[in-house]
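In the text below, chain A, chain B and the rest are named by the order of the sequence lines, each starting its count at 1.
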2 protein chains.
Amino acid sequence: MAEKVTIATVAAYAQVSRQTVSNVLNSPHIVRDETRRRVEEAIATLGYRANQAARQMRTGRSHLLAVRIEPTRDGINGSVLDRFLHGMTFAAAAAGYRVMLYTADDDRDEIKTFDNLLASYDLDGFVLTGTDHGDVRTRWLAERDVPFVTFGRPWDAPERHSWVDVDNAAGTAQATRRLIETGHRRIAFVGWPAGSGVGDDRRDGWQRTMKAYDLDPTGLDRGAPDGIAQGADCARDLLTTPDPPTAFVCVSDSLALGALQAAGGRKAVTGFDDTPVAQAIGLTSVSQPLADAAARCIDLLIHHLDGAPTGTHQVLLQPSLVVRTTA
Amino acid sequence: MAEKVTIATVAAYAQVSRQTVSNVLNSPHIVRDETRRRVEEAIATLGYRANQAARQMRTGRSHLLAVRIEPTRDGINGSVLDRFLHGMTFAAAAAGYRVMLYTADDDRDEIKTFDNLLASYDLDGFVLTGTDHGDVRTRWLAERDVPFVTFGRPWDAPERHSWVDVDNAAGTAQATRRLIETGHRRIAFVGWPAGSGVGDDRRDGWQRTMKAYDLDPTGLDRGAPDGIAQGADCARDLLTTPDPPTAFVCVSDSLALGALQAAGGRKAVTGFDDTPVAQAIGLTSVSQPLADAAARCIDLLIHHLDGAPTGTHQVLLQPSLVVRTTA
DNA sequence: GTGCATTATTGGATCGTTCAAGTTGCAGGG
DNA sequence: CCCTGCAACTTGAACGATCCAATAATGCAC
């Protein structure tokens, strides 16, 4: 490999001082046009690229963002994070930032990792996914003025930090509406147990839509932890009631798959997340605009970093229903 | 946040020089026991963590590894990369390294990214996934003596760099053997078109096992691009032959799912990769030890970085058959 | 008590960049 | 003619760690 090209090499080549080269890169407007062009030419000729470590040491900015990669909880939802990560990496690169991964066993462990990453790598910011009620991580970061954006609303105090989220309720509402429009009247909801922000939001969308069409949702609501077997159980339970449902709006593709199996394909079913499983078996599912969400997260975070650090921003994106064969 | 803790702060607190603190961290054996303990105590008390940027500037080592994140080609295989990334991040963190992501449109673009990352971030090494015949990326890296490890064999000259791979042939062999042992004699292979390293390897495992049991594989071999519809087509085609197969060994879960649908569940089917789809629908599939593979990649790479840079190492891991309901 | 080898510690230089302060050259006002 | 003001550029110092060479402390034999 050729010997290292530093700012001094460029300066010597363009016959200016190091600082002038630095100014061309960071504050071009204070350099005379002719000088600026000469320096830019030298940079191009020598193939100079600024050394991030040296820059970081002086400025305290690493141009590194971090995001947690989870151990694919139950498998079926793994590809969601996958697509999100790709979107993040792509958007970050376009803005001159890079994405670093970290793992953590739980929230407490994650905070310890924050501390480590900030102290030894001088990370510029974090993107958190999957927030929940009373999230300790956001509090820790906010108290230390560490820039961060969450993908997922803070369910307690929505205005305290920047976030990007998908309008979950609108997703289930759309699914419910379609079922109603295709003739269904008894539409059940197979969700998670009450208490999770996302789950309750999705339940809301179904419930409100039912009421908007003068349909009574009473007795058509079930809750279970995520899983195929659980979905099947809920569906079977609902099918044995006096006036059984003809369609199931499910909070996840896992539960939807279970419901589909229990109903033997004779009932309409919709899932949520548009996972590969849904694509594979033809399950109608609500699709989140993940690449878009990731890009908006990066936008907000970099806005915090580069621009004015005042104020927070919130972005709510609309999901879309991918209609396949099950509804 | 408290004011910054540098090596000088620690030195002052422990009443030694900066160099002694540095020695405690980098060459503990040359420091007297009592001094070392005092310094370690100071480090713990003050919560000192070495600044990576400063260290990197002096040593030229960033403790950063990079891996490419792909845009989830066809969806169904997305979670494979997901699990691999998690394994990498975990193993790297244990060894004091961090994982950085990057995207690329194609191999040429990826090389440009290598160049950028090396010049501005001083990356220590790369992990490449999905190598193929005549890979230009490995050549580029090797020519510049950039440390790297591939997950996937180099199909041309297996000994030129370090790699980790899964014994694909052993996987399909195991699947084939199980089918034979459960009474099947006419076992077909639904693979990819000849020419891909991985695909041919998996085909080999099936073929060799058939012959080892004195079964004739002639006419039982099909090839198609990955996809559910393609899998169904191949299976239907095979089922219309004079002496149709009773079982299908498939090169991927996508093709297996298609075969399963075409056979109407009356034939035995095995897939490959143990994706969420396989888990969801009960498909028997060959599972790759991804966390293990990722850890071995990191091990090899760090061995290159920390230890003697001489010689290359190869690791071939054994997959396992996850038996479910379809075979 | 001196000399010598061994080990532990010290101060200074250095990596590549940016910040803060300083220099130069030139135009215009009194 | 001097001073001020401004623009364009240059110089020295600093960020926080490690490396290098020099010094101080220790142990041991004679």
Side-chain angles (χ1 to χ4, degrees), chain A residues 1-40 42-43 46-64 96 118-124 306, chain B residues 1-40 42-43 46-64 96 118-124 306:
Chain A
M1 199 151 17
E3 55 278 6
K4 248 175 286 185
V5 179
T6 75
I7 210 167
T9 322
V10 176
Y13 187 93
Q15 297 188 306
V16 294
S17 68
R18 296 166 323 209
Q19 183 62 26
T20 302
V21 178
S22 174
N23 285 335
V24 168
L25 295 171
N26 302 309
S27 338
H29 58 280
I30 67 166
V31 180
R32 192 154 39 117
D33 275 16
E34 188 240 317
T35 313
R36 184 166 46 71
R37 264 193 293 273
R38 203 167 70 242
V39 171
E40 280 167 350
I43 289 176
L46 299 169
Y48 166 78
R49 249 100 27 116
N51 181 313
Q52 285 296 331
R55 166 174 291 178
Q56 171 181 349
M57 192 150 61
R58 202 72 186 86
T59 63
R61 297 272 304 274
S62 61
H63 288 249
L64 245 42
L118 288 170
S120 51
Y121 285 91
D122 261 325
L123 260 93
D124 284 352
D306 290 343
Chain B
M1 194 139 36
E3 55 277 9
K4 252 173 283 185
V5 179
T6 75
I7 208 167
T9 321
V10 176
Y13 187 93
Q15 297 187 305
V16 294
S17 68
R18 293 162 320 186
Q19 179 64 15
T20 303
V21 177
S22 175
N23 285 335
V24 169
L25 294 171
N26 301 310
S27 341
H29 58 280
I30 69 166
V31 180
R32 190 155 39 121
D33 276 16
E34 190 241 317
T35 313
R36 184 166 46 71
R37 265 193 293 273
R38 203 167 70 241
V39 171
E40 281 166 350
I43 289 176
L46 299 170
Y48 166 78
R49 250 96 30 114
N51 181 314
Q52 285 297 329
R55 165 175 292 179
Q56 171 182 348
M57 195 150 56
R58 199 74 185 80
T59 62
R61 297 271 304 275
S62 62
H63 288 249
L64 246 40
L118 289 170
S120 51
Y121 284 91
D122 261 326
L123 260 94
D124 285 351
D306 290 344

Nucleotide C:dC19, atom C1' - distance to CD1 of A:I7 in whole Å
13 Å
Would you indicate whether the side-chain heavy atoms of B:T9 and B:L46 approach each other to under 4.5 Å?
yes
To the nearest angstrom, how far is A:L25 atom CG from C:dT17 atom C1'?
10 Å
Atom pair distance, as rounded to whole Å: CD1 in A:I43 and C1' in C:dT17:
13 Å
Starting at atom CD of B:Q19, determine the distance to atom P of C:dG12, rounded to an integer number of angstrom.
14 Å
Hey, can you pull the residues of residues 31-40 of chain B with a non-hydrogen atom under 4.0 angstrom from DNA chain D?
none
B:Q56 side-chain N/O to B:H63 backbone N/O, donor-acceptor pair under 3.5 Å:
no
Rounded to whole Å, the CG-P distance (A:N26 to C:dT18) equals 5 Å
Calculate the interatomic distance between A:Q52 atom CD and C:dT17 atom P; express it in whole Å.
10 Å
In terms of the nearest nucleotide of DNA chain D, which residue is placed more toward the 5' end: A:V16 or B:A50?
A:V16
Could you state the CZ-P distance from A:R61 to C:dT17, rounded to the nearest angstrom?
17 Å
Quick one: label A:T20 by what it contacts on the DNA or RNA (base, sugar-phosphate, nothing), any heavy atom closer than 4.0 Å.
base
When you compare the side chain of B:L25 with that of B:I43, does any pair of heavy atoms fall below 4.5 Å?
yes
What is the distance, to the nearest angstrom, from the OH atom on A:Y48 to the C1' atom on C:dG16?
7 Å
Shortest non-hydrogen separation from B:A11 to B:R18 and the atoms involved
CB-N, 3.7 Å
Could you pick out which residue, B:M57 or B:Q15, lies toward the 5' side of DNA chain C when each is mapped onto its nearest nucleotide?
B:Q15
Looking only at atom types and distance, does a side-chain atom of B:R36 sit under 3.5 Å from a main-chain N or O of B:V24, one as donor and one as acceptor?
no
Using modelled atom types and a 3.5 Å cut-off, is there a donor and acceptor pairing between side-chain atoms of A:S62 and backbone atoms of A:D122?
yes
Could you tell me whether B:A53 contacts a base, only the sugar-phosphate backbone, or nothing, with contacts defined as non-hydrogen atoms closer than 4.0 Å?
nothing
Bounds of contact between DNA chain D and chain B, in 5' to 3' order, using a heavy-atom cut-off under 4.0 Å:
D:dG16 to D:dC20
Base, sugar-phosphate or nothing for B:S17? Non-hydrogen atoms, less than 4.0 Å.
base
Test side chain to side chain contact (heavy atoms under 4.5 Å, CB included) on B:V31 and B:V39 and set out the steps.
CA-CA 10 Å; B:V31 180; B:V39 171; 5.9 Å; no
Check the phosphate of C:dT18 against A:S22, side-chain N and O only, distance under 4.0 Å to OP1 or OP2. Yes or no?
yes
Could you tell me if the side chain of B:N51 sits less than 4.5 Å from the side chain of B:T6, heavy atoms only?
no
Please report the interatomic distance CG(A:D124) to CG(A:D306), rounded to the nearest 0.5 Å.
9.0 Å
Has the side chain of B:R58 got a donor or acceptor that lies under 3.5 Å from a partner of the other kind on the base of C:dT14?
yes
When rounded to the nearest 0.5 angstrom, what is the spacing between CG in B:N23 and OG in B:S17?
7.5 Å
